[in-house]
Amino acid sequence: MDEGLKEINSDLSEVLLKLLKSNAKCKNDDLQQQRAKIATLIRLHVRHLQQTVVVHRRRRQQQARHRFKNLRSFFMQQMMQLQYNYVQMFVTLRMKYKQLQSAEEMEADIENSMSDVSLANSDAPTLFWEHKVPKYSEEQFLDSFHVTRSTFQSLCGQLAPTLRSVPELRSQSEVIPPDKCVGLALFFLASGERISIISEQFALPRARTIKCLKVFCNAVMTSLGKALRLLPQSEADCANVVAGFRRECNMPPALLGVLGVCSIPLRGKGKQAETGSALRMEFLLDDRMLFRELRLDNASGNSKPPLPPMFAVAPNALTQSPARRINQRSVPAFVLAPANQNYPLRPWLLQRYAEPTAPHEYDFNEVADHLQELSDSAMHRLMSRWRFLSQPLDISFQTASCIITAATVLHNLLEELSEPHNPEWGNTVNVLRFKAPPIESQIDNSPQAELARDLRDFLARTISSTEI
């Protein structure tokens, strides 16, 4: 608008200037005509100016109306969207509220029915073993006790003579049958429940429940203890074990086992709870990942110094085993120590290279890592079958040692019988949680350590030369 007015004013100024310059040359008649022309121009200018102002005002009004219309339509769209979202959210919340209300009513009905059943059966304190377990299907029995019903009956038949002769099971007012003692122990091992819960389910005092567990474990060690076999001693047994390791990982035929170690916390009382008592468990596995030897030590629960690592001190069963010839060299029988535990390096107690550089050293470490994975897998299988191992134990060190040893014997027996093992049992088991702290590191420049390094290099080069 301003530019249009400027153009109109400039045009009028130019015309008026020309007329003024020509006034001096004009006569009166001409002067009157020129004045008439000037008046006409002024009227035209004013009319043009009015038209410009009116047109611009209309345009501004139209633009304002258009903007207002757009804003109004946008506002209405937003209000409609908000109303739609509110209705949808309200419907969803109402549906969820109805679902929660129905779920609460269902839970209340279930609780009322369970309370009615418990009141009706309040005079039957031993309902679990005497009434529930006999009605279990084969699958329920396996999931509860981690053994099949036929294997359970076989265990009862083998342990019954020993259990009947134990005074702890028949010295009280109530005699505990052998099958109930075996069922109590297996349920404790498989479920991982605390002693207090087990005693409540089997309607026995806590002290008598622990005695029942000890009696069962002693009976297992007396009747089935041979399932926890010692380090291979006979030539045939040694040949089978070394051949199994050679097939599994291409280790030269002198390896008799893989050592493993874990730490199981004990839920102690008083000072033991403050110091964080734990049970250190060392074990030796053969080529089938069965437990050959087992040693338990109270890592922090007493003032006695900790025991040296298994097979660390000579003479021992390994040093007394016959040597084997590999590539025209006499190689002593040895076991593989766990990694990052600071075990001493000995010709009969080898371990992976801490900082490998040569290709044959990497090959030896690859074999050692594979065997360590098998060791972790065997420990996971043991803990998933007997889940009492996967949580802090609320029993003393002596009782825990007795139960763990018997559990290992039973595990070996069940593995040899190809007893079913459900992988879902181990969904909540994490073996890394039970990693044992390493023993104190010491600089070792003894002649035995030098011999062990030379032997390890020989075995590593043999593995590289025979690698497929």
Side-chain angles (χ1 to χ4, degrees), residues 229-261 282-293 309-312 314 316-381 412 415 431 448-468:
R229 297 172 297 179
L230 297 177
L231 186 74
Q233 298 291 333
S234 66
E235 183 62 27
D237 196 10
C238 290
N240 291 332
V241 172
V242 298
F245 278 121
R246 184 174 179 82
R247 287 192 301 269
E248 178 64 35
C249 61
N250 196 32
M251 177 66 77
L255 178 63
L256 290 184
V258 179
L259 281 179
V261 60
E282 283 184 288
F283 51 89
L284 178 68
L285 300 169
D286 63 7
D287 59 308
R288 295 186 298 163
M289 294 298 113
L290 298 180
F291 290 80
R292 286 286 187 145
E293 291 199 12
M310 189 182 290
F311 302 118
N316 53 56
L318 278 174
T319 59
Q320 297 173 3
S321 298
R324 309 181 72 84
R325 296 199 66 82
I326 301 175
N327 294 340
Q328 307 303 320
R329 174 171 175 170
S330 178
V331 177
F334 70 94
V335 296
L336 192 66
N340 303 322
Q341 287 292 326
N342 298 330
Y343 274 59
L345 188 63
R346 296 291 182 265
W348 60 88
L349 187 62
L350 298 182
Q351 53 188 286
R352 69 192 308 276
Y353 289 90
E355 297 178 355
T357 55
H360 65 276
E361 296 176 355
Y362 282 101
D363 292 338
F364 185 89
N365 278 8
E366 183 178 355
V367 172
D369 292 340
H370 176 64
L371 292 174
Q372 188 61 48
E373 290 176 0
L374 293 179
S375 174
D376 293 341
S377 176
M379 196 63 197
H380 182 272
R381 194 173 177 89
N412 283 356
E415 289 294 312
V431 178
Q448 293 289 350
E450 293 297 328
L451 290 174
R453 294 187 184 94
D454 180 66
L455 176 62
R456 184 173 60 180
D457 289 339
F458 169 75
L459 293 174
R461 290 189 173 89
T462 303
I463 291 173
S464 297
S465 63
T466 58
E467 188 174 13
I468 299 176

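Worth knowing before you read on, the calculation uses all heavy atoms, side chains too, and leaves out hydrogens, waters and symmetry mates.
To the nearest 0.5 Å, atoms OG (Ser464) and CD (Glu366) are separated by 9.5 Å. The line from CG of Leu345 to CD of Gln351 is 5.5 Å long, rounded to the nearest 0.5 Å. Separation of atoms CG (Leu318) and CZ (Arg346) is listed at 13.0 Å; rounding is to 0.5 Å. Going from atom CG of Leu374 over to atom CE of Met379 covers 15.0 Å, rounded to the nearest 0.5 Å.
Across all non-hydrogen atoms, the minimal contact from Ser321 to Leu256 is OG-CD1, 4.2 Å. The two residues His370 and Cys249 have their closest heavy-atom pair at CD2-CB, 3.8 Å. Across all their heavy atoms, Ala337 and Leu349 have their closest contact at CB-CD1, 4.1 Å. Here the shortest heavy-atom pairing between Glu235 and Pro322 reads OE1-CG, 4.2 Å. The heavy-atom pair separating Ser375 from Leu259 by the smallest distance is OG-O, 4.4 Å. The two residues Phe364 and Ala460 have their closest heavy-atom pair at CB-CB, 3.7 Å.
In terms of the side-chain contact (heavy atoms from CB on, under 4.5 Å) criterion, residue partners of Thr319 (sequence neighbours excluded) are, by chain and number, Ala314, Pro315, Asn316, Trp348. By the side chain to side chain donor-acceptor pair (under 3.5 Å) test, Arg381 pairs with Glu415, sequence neighbours left out. Residues meeting the side chain to side chain donor-acceptor pair (under 3.5 Å) test with Glu450, sequence neighbours left out: Arg453. Every residue two or more places apart in sequence or in another chain was checked for a salt bridge (charged side-chain N to carboxylate O under 4.0 Å, His left out) with Asp457, and none qualifies. Residues that satisfy the side-chain contact (heavy atoms from CB on, under 4.5 Å) test with Gln341, not counting sequence neighbours, are Val261, Arg280, Pro338, Tyr343, Ala436, Pro438. Annotation: side chain to side chain donor-acceptor pair (under 3.5 Å) contacts of Thr357 (sequence neighbours excluded): Glu361. Residues that satisfy the side chain to side chain donor-acceptor pair (under 3.5 Å) test with Arg461, not counting sequence neighbours, are absent from this structure. Not counting sequence neighbours, the partners of Pro252 by the side-chain contact (heavy atoms from CB on, under 4.5 Å) test are Ile326, Leu459, Thr462, Ile463. Partners of Asp376 according to the salt bridge (charged side-chain N to carboxylate O under 4.0 Å, His left out) rule, which considers only residues two or more places apart in sequence or in another chain, do not exist here.
Sorted by first and then second residue, the salt bridge (charged side-chain N to carboxylate O under 4.0 Å, His left out) pairs with a member in residues 246-259 form an empty list; sequence neighbours excluded. The side-chain hydrogen bond (donor to acceptor under 3.5 Å, both in side chains) pairs that include a residue from residues 322-334 are Arg329-Asp454, where partners are two or more places apart or lie in different chains.
Taking the ring axis of Tyr353 as reference, the NZ or CZ atom of Arg456 stays within 45° of it and closer than 6.0 Å to the ring centre.
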Name each donor-acceptor pair under 3.5 Å that joins a side chain in residues 284-291 to protein atoms two or more places apart or in another chain, with its distance.
| residue | atom | partner | partner atom | Å |
| --- | --- | --- | --- | --- |
| Asp286 | OD1 | Arg288 | N | 3.1 |
| Asp286 | OD1 | Met289 | N | 3.1 |
| Asp286 | OD1 | Leu290 | N | 2.9 |
| Asp286 | OD2 | Arg229 | NH2 | 3.4 |
| Asp286 | OD2 | Arg292 | NE | 3.1 |

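A 4.5 Å side-chain heavy-atom check between Phe334 and Met251 finds at least one atom pair inside the cut-off. Val241 is listed as a side-chain neighbour of Asp237, based on a closest heavy-atom distance under 4.5 Å.
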Might you work through the side chain to side chain contact (heavy atoms under 4.5 Å, CB included) test for Leu255 and Leu336, ending with a clear yes or no?
CA-CA 7 Å; Leu255 178 63; Leu336 192 66; 4.2 Å; yes

